[in-house]
Amino acid sequence: MAKEFEIINQYFSFSKKDQPSYESQSDTSDVLLGIGDDAAVILSGRKIIVATDTLVEGVHFTKAMSARNIASRAVATNLSDFAAMGANPKWITLSLTLPELDEGWLKGFSERLELLCERYNLSLIGGDTTKGAFVITLTVMGEPWDVDYSLLLRSNANLNDDIWLSGYTGCAAAGLSLLKSSSIKENVSKESEWLISQYYEPEPRLLLAKQLREFHCAAIDISDGLLADANHIAEQSRVSLCINGEDLPVHSFLKSLANYKNLILAGGDDYELLFTANARYREQIKALSTDELPITLIGKVQKGKGVKLSGHDWMFPKDLGYQHF
Ligand code: ADP
Ligand code: MG
């Protein structure tokens, strides 16, 4: 048998055991046909939402990163897109292009993927396995949580809406720069370890997003940097997002860093949610804030274009966020 099929059978067939046979047309599973045929068949009576993310070696991960951490980031970045839509992720496909057959890597990657599929109730229903430059593409498909609520579109922001942020920004970027600095190898402090974990294991804000559906929010997940991503809402809603730097939450582990303001504004890889909502929902949204996941009011939607930043000593950084080209 070709190695490719052995890889699929050994490492990526973990969702198959839950699936009924195609003929039985069971209504207990929405996967009518999973891995093994030419294509998968899923059953849905709702709108289907699809998001895809590609991780390229040298750009999104390095050889030094463990297979488990790579799997975590691949899943988290995709699920974060679903959070930003206010949607329910259900099915995934995985395209793996590997430079070589590394059993240890495949074991670590597939074990973490299986764990995350269980945690987030996802079925791995297909994919592709090829040899070549190291690239991982994950596609997630899902549905709205329920038929009545609309999605959290970037174009939903209205004049005078409040602007909110979940959690903290800048921590993952601080973690990444620690990983890149050579001095980190020994005696990693608790703080550094936590910052690094924010880069490796971002938490997609699916549950928060599910609770936001009734507030008709515009939302985006912060992957490229707070200001860069805020600009996407501004453009698509044809408004200006006015953010007050003094209202931005500063994580206590960042305060000692000289460049913490730049990290907060443009760091990226946070996978927190930036969202807008009418001020009449303010108390309800504040009530969603917890010690573990604070939700902070950081500005107002106003007439105009783009993002405006106010606050004493808060300025636009030179590089607003990661750009591929
Ligand atoms: P084809 O030759 O038609 O492209 P493949 O041989 O690539 O089919 O794949 C065989 C089956 O295994 C398909 O159901 C496909 O979706 C699945 N598959 C292939 N690679 C993966 C993977 N990395 N993860 C999950 N499923 C996979
Ligand atoms: Mg194929």
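In listed order, ligands and their atoms are each counted from 1.
More than 12 heavy atoms of other residues, nucleotides or ligands shown are found within 6.0 angstrom of CZ on Arg46.
For the 3.5 Å distance criterion, the side chains of Ser72 and Arg112 qualify, holding a donor opposite an acceptor.
Checked options Glu111, Glu114, Glu103, Lys107; the residue passing with Tyr11 is Glu103 (criterion: side-chain hydrogen bond (donor to acceptor under 3.5 Å, both in side chains)).
For ligand 1 and Ile35, the ligand atoms under 4.0 Å from any heavy atom of the residue are 12 (O), 14 (O), 17 (C), 25 (C), 26 (N). Numbered from 1 in the order shown, with element, the atoms of ligand 1 that lie under 4.0 Å from a heavy atom of Thr129 read 19 (C), 20 (N), 21 (C), 22 (C), 23 (N). Interface of Phe5 with ligand 1, defined as ligand atoms under 4.0 Å from a residue heavy atom, comprises 6 (O).
Side-chain contact between Tyr120 and Leu79 is present, with heavy atoms from C-beta onward closer than 4.5 Å.
Between Ser110, Gly36, Gly126, it is Gly36 that holds the heavy atom closest to atom 14 (O) of ligand 1. Distances from atom 18 (N) of ligand 1 to the heavy atoms of Ser13, Ala39, Gly127, Ser95 put Gly127 nearest. The option with the heavy atom closest to atom 7 (O) of ligand 1, from among Ile125, Thr130, Asp128, is Asp128.
In this structure, OG on Ser177 lies 7.0 Å from CG on Asn259, to the nearest 0.5 angstrom.
Heavy atoms of Ile8 found under 4.0 angstrom from ligand 1 belong exclusively to the side chain. Contacts between Asp37 and ligand 1 below 4.0 angstrom, taking non-hydrogen atoms only, involve the backbone exclusively.
For the salt bridge (Lys or Arg N to Asp or Glu O under 4.0 Å) test, residues two or more places apart in sequence or in another chain that qualify with Glu143 are Lys90.
Residue Tyr11 places every heavy atom at 4.0 Å or more from ligand 1.
Sequence neighbours left out, the pairs with a member in residues 291-310 that pass salt bridge (Lys or Arg N to Asp or Glu O under 4.0 Å) are Asp162-Lys300.
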